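No experiment lies behind these values; they were computed from the predicted model shown.
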Amino acid sequence: MTVPVDTDLLEALQRAADGDGIAKTVVGAVITREDDRVLLLHRPAEDYPGGLWELPSGGAEPGESLIDALRREVEEETGLRVSTVTDYLGHFDYLSRSGKKTRQFNFAVTVTGPEVKLTEHDAHEWADRPAQHRASPAVQTVLATWHHRAT
């Protein structure tokens with residue numbers, strides 16, 4: 001079962017974040033291939049949090065919608081273009097480098113583009129299910145939701 005990504009859902013997500021005292025909003029994309037491999041990006045050691053395998057993700061700008069931020073961040077980080085946002089996969093909270101309470105909203109997307117072109121990360125992998133366990137526990141939970149809904 002997919003969760004429709006419509007204006008009502010997006011507004012409800014933002015209201016809930018505001019009510020929970022979230023200071024920074026981040027979006028994450030689950031990008032997959034036909035063989036159920038998921039695109040993970042590797043953060044350089046000197047970056048925060050260094051060495052982490054993560055989803056393509058990044059912060060929403062003030063006044064930017066979650067979907068616009070998702071499209072922009074995916075293209076900035078990977079060179080791929082989001083063609084469709086297919087599902088909302090949940091969120092997780094963490095503290096940013098500056099100590100801000102941050103919520104990452106995660107979406108399944110389809111993309112177009114010939115190949116991944118990194119700008120902020122030092123490696124990428126189309127990770128099979130065992131390799132997906134290198135991601136953080138929070139990302140693993142998002143991927144488990146995606147796997148459950150994809151079957």
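Checked for salt-bridge contact, Asp87 and Arg149 meet the test: a charged N lies under 4.0 Å from a carboxylate O.
Val82 and Leu9 fall within a single hydrophobic cluster, where Ile, Leu, Val, Met, Phe, Trp and Tyr side chains are chained together by heavy-atom contacts under 4.5 Å. Residues Phe92 and Phe105 fall into different hydrophobic clusters, defined by Ile, Leu, Val, Met, Phe, Trp and Tyr side chains chained together at heavy-atom separations under 4.5 Å. Clustering ILVMFWY residues whenever any of their side-chain heavy atoms sit less than 4.5 angstrom apart, transitively, puts Ile31 in the very cluster that holds Leu118. Clustering ILVMFWY residues whenever any of their side-chain heavy atoms sit less than 4.5 angstrom apart, transitively, puts Leu70 in a cluster other than the one holding Leu55.
Glu77 has its side chain within reach of Leu41: a pair of non-hydrogen atoms, C-beta onward, lies under 4.5 Å apart.
The salt bridge (Lys or Arg N to Asp or Glu O under 4.0 Å) pairs that include a residue from residues 37-50 are Asp35-Arg37, Arg43-Asp47, Arg43-Glu54, Asp47-Arg97, where partners are two or more places apart or lie in different chains. For residues 107-124, the set of pairs meeting the salt bridge (Lys or Arg N to Asp or Glu O under 4.0 Å) definition, not counting sequence neighbours, is empty. Within the structure, the ring pair (Phe, Tyr, Trp, His ring centres under 6.0 Å) test picks out no pair touching residues 5-29 (sequence neighbours left out).
Heavy atoms only, all atoms of each residue included: Ser57 and Gly28 are closest at CB-CA, 3.8 Å. What you find for Ala127 and Leu40 is that their closest heavy atoms are CB-CD1, 3.7 Å. When all heavy atoms of Val116 and Trp126 are compared, the pair lying nearest together is CG2-CZ2, 4.0 Å. The two residues Tyr88 and Asn106 make their nearest non-hydrogen contact at CD1-O, 3.4 Å. Across all their heavy atoms, Val109 and Ala29 have their closest contact at CG2-CB, 4.0 Å. In terms of heavy atoms, Leu89 sits closest to Val30 at CD1-CG2, 3.5 Å.
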Notebook entry, point to check: Hey, mind stepping through Val38 and Trp146 against side-chain contact (heavy atoms from CB on, under 4.5 Å) and telling me if it holds?
Noted result: CA-CA 10 Å; Val38 174; Trp146 174 77; 4.2 Å; yes

Next item on the list: Evaluate the criterion side-chain contact (heavy atoms from CB on, under 4.5 Å) for residue pair Ile67 and Arg71; output intermediate values, then yes/no.
Entry: CA-CA 6 Å; Ile67 300 305; Arg71 291 179 190 281; 3.6 Å; yes

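Thr78 places a side-chain N or O within donor-acceptor distance of the main-chain N or O of Leu80, the cut-off being under 3.5 Å. Between the side chain of Asp68 and the main chain of Leu66, no donor-acceptor pair closer than 3.5 Å is present. At distances below 3.5 Å, not a single donor-acceptor pair connects side-chain atoms of Thr110 with backbone N or O atoms of Ser83.
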With a cut-off of 3.5 Å and sequence neighbours excluded, list every side-chain donor-acceptor pair involving residues 135-143.
unit_1 : atom_1 : unit_2 : atom_2 : d
Ser136 : OG     : Val139 : N      : 3.2
Gln140 : OE1    : His133 : ND1    : 3.1
Gln140 : NE2    : His133 : O      : 2.9
Gln140 : NE2    : Ala135 : O      : 2.7
Thr141 : OG1    : Pro137 : O      : 3.1

Result block: side-chain N/O donor-acceptor pairs under 3.5 angstrom for residues 17-26, not counting sequence neighbours:
unit_1 : atom_1 : unit_2 : atom_2 : d
Asp18  : OD1    : Gln14  : NE2    : 3.3
Asp20  : OD2    : Arg103 : NH1    : 3.1
Asp20  : OD2    : Arg103 : NH2    : 2.9

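In this structure, a donor-acceptor pair under 3.5 Å is present between the side chains of Ser96 and Ser98.
With sequence neighbours left out, the side-chain contact (heavy atoms from CB on, under 4.5 Å) criterion links Ala123 to His42, Trp53. By the side-chain contact (heavy atoms from CB on, under 4.5 Å) test, Thr7 pairs with Glu11, sequence neighbours left out. In this structure, Arg129 has no salt bridge (charged side-chain N to carboxylate O under 4.0 Å, His left out) partners at least two apart in sequence or on a different chain. Listed by chain and number, the residues in a side-chain hydrogen bond (donor to acceptor under 3.5 Å, both in side chains) with Thr119 amount to none (sequence neighbours excluded). With sequence neighbours left out, Glu64 forms a salt bridge (charged side-chain N to carboxylate O under 4.0 Å, His left out) with Arg72. A search for side-chain contact (heavy atoms from CB on, under 4.5 Å) contacts involving Arg81 returns Glu75, Thr112, not counting sequence neighbours. Looking at residues two or more places apart in sequence or on another chain, you find no salt bridge (charged side-chain N to carboxylate O under 4.0 Å, His left out) involving Arg15.
Residue Lys101 holds its NZ atom at 6.0 Å from CG of Asp93, rounded to the nearest 0.5 Å.
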